[in-house]
Structures are given as structure tokens and as C-alpha cells.
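See structure below.
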Amino acid sequence: QVQLVESGGGLVQAGGSLRLSCAASGSIASINAMGWYRQAPGNQRELVATIASAENTNYADSVKGRFTISRDNAKNTVYLQMNSLKPEDTAVYYCFGDIAIGLGVHFYTYWGQGTQVTVSS
């Protein structure tokens, strides 16, 4: 099986920074895209950022210029550096990975358990 474990959430004042980490472990053959979604109370889950490679990243318009996604392939880990945080960034942040296990023929999407980010005004 595969597990994605997130860390780095917490409470921060507006204008502050947080760095989220998400490490994948288990019988991993290969990982394609990794990334982050978030869900605020009463809202649908929305895309924050994805990364397939250092040259292939994608961001929601609401976080462009403030958030940076990166990954360490040797550690099967994806990071989300969040700067200039705003109260509207408050949400549970979920990481995902498109991961092939075993013989590595098929890729499936696995999710982390979520980490709370709260930005106070």
C-alpha cells in the first residue's frame, strides 16, 4: 500500500509564511504528478498547485506569486511554500500523488489525510 503523510500546517498571522510537506511511502514503483488541493468550510475542494517536474508546475490564480511548489524525487516528497498568507487561504490542505505500485503499470491517485492551515487577520 501507499501512504501520504502531510506536515507543516498550523496557525499564522496574515502576511506570514508556512511550508507544507507531504511524504509518500510504501511499495512505490513510480510517481507522476504530485500536488495540493484545499477545502475551506462550506466550499468544494479546489486545486492549489501541481508539479510533474521542476519545469512543469501549475498554480491556481489565487496563489500565483505567493505559493511555490517543489518536490524531492529521492524522498518521494512534495512541498508547498506559502508566503504572504491571507485569511482566505484558511483551509484543510490535502496532498495527492499519482503513483504506480508493484510492477508500475497503472497509476492511481492517492491522498493524504489533510493538514489544517489557519490564517488570522
Side-chain angles (χ1 to χ4, degrees):
Q1 258 305 355
V2 173
Q3 282 189 319
L4 275 70
V5 178
E6 297 134 338
S7 61
L11 172 64
V12 65
Q13 288 187 330
S17 298
L18 284 174
R19 188 191 194 211
L20 306 183
S21 300
C22 173
S25 62
S27 302
I28 297 171
S30 181
I31 303 178
N32 277 347
M34 301 185 78
W36 298 88
Y37 278 71
R38 67 186 181 186
Q39 187 167 20
N43 292 353
Q44 290 186 336
R45 191 174 293 193
E46 63 175 1
L47 173 71
V48 177
T50 63
I51 181 167
S53 67
E55 298 77 26
N56 188 355
T57 58
N58 181 50
Y59 295 92
D61 288 343
S62 59
V63 306
K64 283 181 181 177
R66 301 187 298 121
F67 291 10
T68 302
I69 191 169
S70 60
R71 64 191 283 178
D72 184 334
N73 292 329
K75 296 181 179 179
N76 291 334
T77 298
V78 62
Y79 305 96
L80 186 67
Q81 178 66 44
M82 305 185 294
N83 298 329
S84 302
L85 282 160
K86 303 176 181 180
E88 50 264 44
D89 294 318
T90 295
V92 178
Y93 283 69
Y94 298 90
C95 73
F96 77 90
D98 292 332
I99 299 172
I101 63 174
L103 296 178
V105 177
H106 300 291
F107 286 82
Y108 299 93
T109 300
Y110 294 87
W111 292 89
Q113 80 284 357
T115 185
Q116 177 70 46
V117 171
T118 303
V119 184
S120 63
S121 57

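Atom set for the values below is all heavy atoms of this structure, side chains included, hydrogens, waters and symmetry mates excluded. Just so you know, these numbers come straight off a predicted model, no measurement behind them.
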>> Strictly below 4.0 Å, N to O, side chains only: are Asp61 and Lys64 in salt-bridge contact?
In response: yes

>> If hydrophobic clusters are built from ILVMFWY residues whose side chains come within less than 4.5 Å, do Val78 and Val2 share one?
In response: yes

>> If the condition is side-chain contact (heavy atoms from CB on, under 4.5 Å), which residues does Thr118 pass it with, not counting sequence neighbours?
In response: Leu11, Thr90, Gln116

> If you look at every heavy atom in Gly102 and Ala29, which pair is closest and at what distance?
Replying inline: O-CB, 3.6 Å

> With a 4.5 Å heavy-atom cut-off, do Met34 and Cys95 have their side chains touching?
Replying inline: no

>> Tell me if a side-chain donor or acceptor on Arg71 pairs with a main-chain N or O of Gly35 at a distance below 3.5 Å.
In response: no

> Taking the six-membered ring for Trp, are the ring centroids of Tyr37 and Phe96 within less than 6.0 Å of each other?
Replying inline: yes

> Are Leu47 and Leu20 connected, step by step, through hydrophobic side chains (Ile, Leu, Val, Met, Phe, Trp, Tyr) whose heavy atoms are closer than 4.5 Å?
Replying inline: no

>> The test is side chain to side chain contact (heavy atoms under 4.5 Å, CB included); show your working for Asn73 and Ile31 and say whether it passes.
In response: CA-CA 8 Å; Asn73 292 329; Ile31 303 178; over 6 Å; no

> According to a 4.5 Å side-chain heavy-atom criterion applied to Ile, Leu, Val, Met, Phe, Trp and Tyr, with indirect links allowed, do Tyr94 and Tyr110 form part of one hydrophobic cluster?
Replying inline: no

> Could you walk me through whether Tyr93 and Cys22 pass the side chain to side chain contact (heavy atoms under 4.5 Å, CB included) check?
Replying inline: CA-CA 10 Å; Tyr93 283 69; Cys22 173; over 6 Å; no

> Take atom CD in Gln113; do more than 12 heavy atoms of anything else shown fall under 6.0 Å from it?
Replying inline: yes

>> Please evaluate residues Asp72 and Tyr79 with respect to the criterion side chain to side chain contact (heavy atoms under 4.5 Å, CB included), reporting the C-alpha separation (whole Å), side-chain torsions for both, the decisive distance (0.1 Å), and the verdict.
In response: CA-CA 8 Å; Asp72 184 334; Tyr79 305 96; 4.0 Å; yes

> Where is the tightest heavy-atom contact between Pro87 and Ala14, given as atom of each residue plus distance?
Replying inline: CD-CB, 4.1 Å

> Roughly how far, to the nearest 0.5 Å, is the CG atom of Asn56 from the OG1 atom of Thr50?
Replying inline: 7.0 Å

> If you take all heavy atoms of Ser84 and Ser17, which pair is closest and at what distance?
Replying inline: N-OG, 4.4 Å

> Are any of the side-chain heavy atoms of Phe107 and Ser30 separated by less than 4.5 Å?
Replying inline: yes

> Rounded to the nearest 0.5 Å, how far does CG of Leu4 lie from OG of Ser21?
Replying inline: 12.0 Å

>> Evaluate Met82 against Val12 for side chain to side chain contact (heavy atoms under 4.5 Å, CB included), listing each step before the verdict.
In response: CA-CA 11 Å; Met82 305 185 294; Val12 65; over 6 Å; no

>> If I take atom CZ from residue Arg38 and atom CG from residue Asn43, how far apart are they, to the nearest 0.5 angstrom?
In response: 9.5 Å

> Taking C-beta and beyond as the side chain, do Asn76 and Ile99 meet within less than 4.5 Å on heavy atoms?
Replying inline: no

>> Looking at every heavy atom in both Asp89 and Arg66, which two are closest together, and how far apart are they?
In response: OD2-NH1, 2.8 Å

> Closest approach of Ser70 and Ile51, non-hydrogen atoms and distance?
Replying inline: CA-CD1, 3.8 Å

>> What's the separation between atom NZ in Lys86 and atom OG in Ser121, rounded to the nearest 0.5 Å?
In response: 14.0 Å

> Minimum heavy-atom separation for Phe67 to Val48, with atom names?
Replying inline: CD2-CG1, 3.8 Å

> Counting only N and O atoms by type, is there a donor-acceptor contact under 3.5 Å from the side chain of Tyr59 to the main-chain atoms of Ile69?
Replying inline: yes

> Can you hop from Ile28 to Tyr108 via hydrophobic side chains spaced under 4.5 Å?
Replying inline: yes

> Sub-3.5 Å donor-acceptor pair from the side chain of Glu6 to the main-chain atoms of Gly114, do we have one?
Replying inline: yes

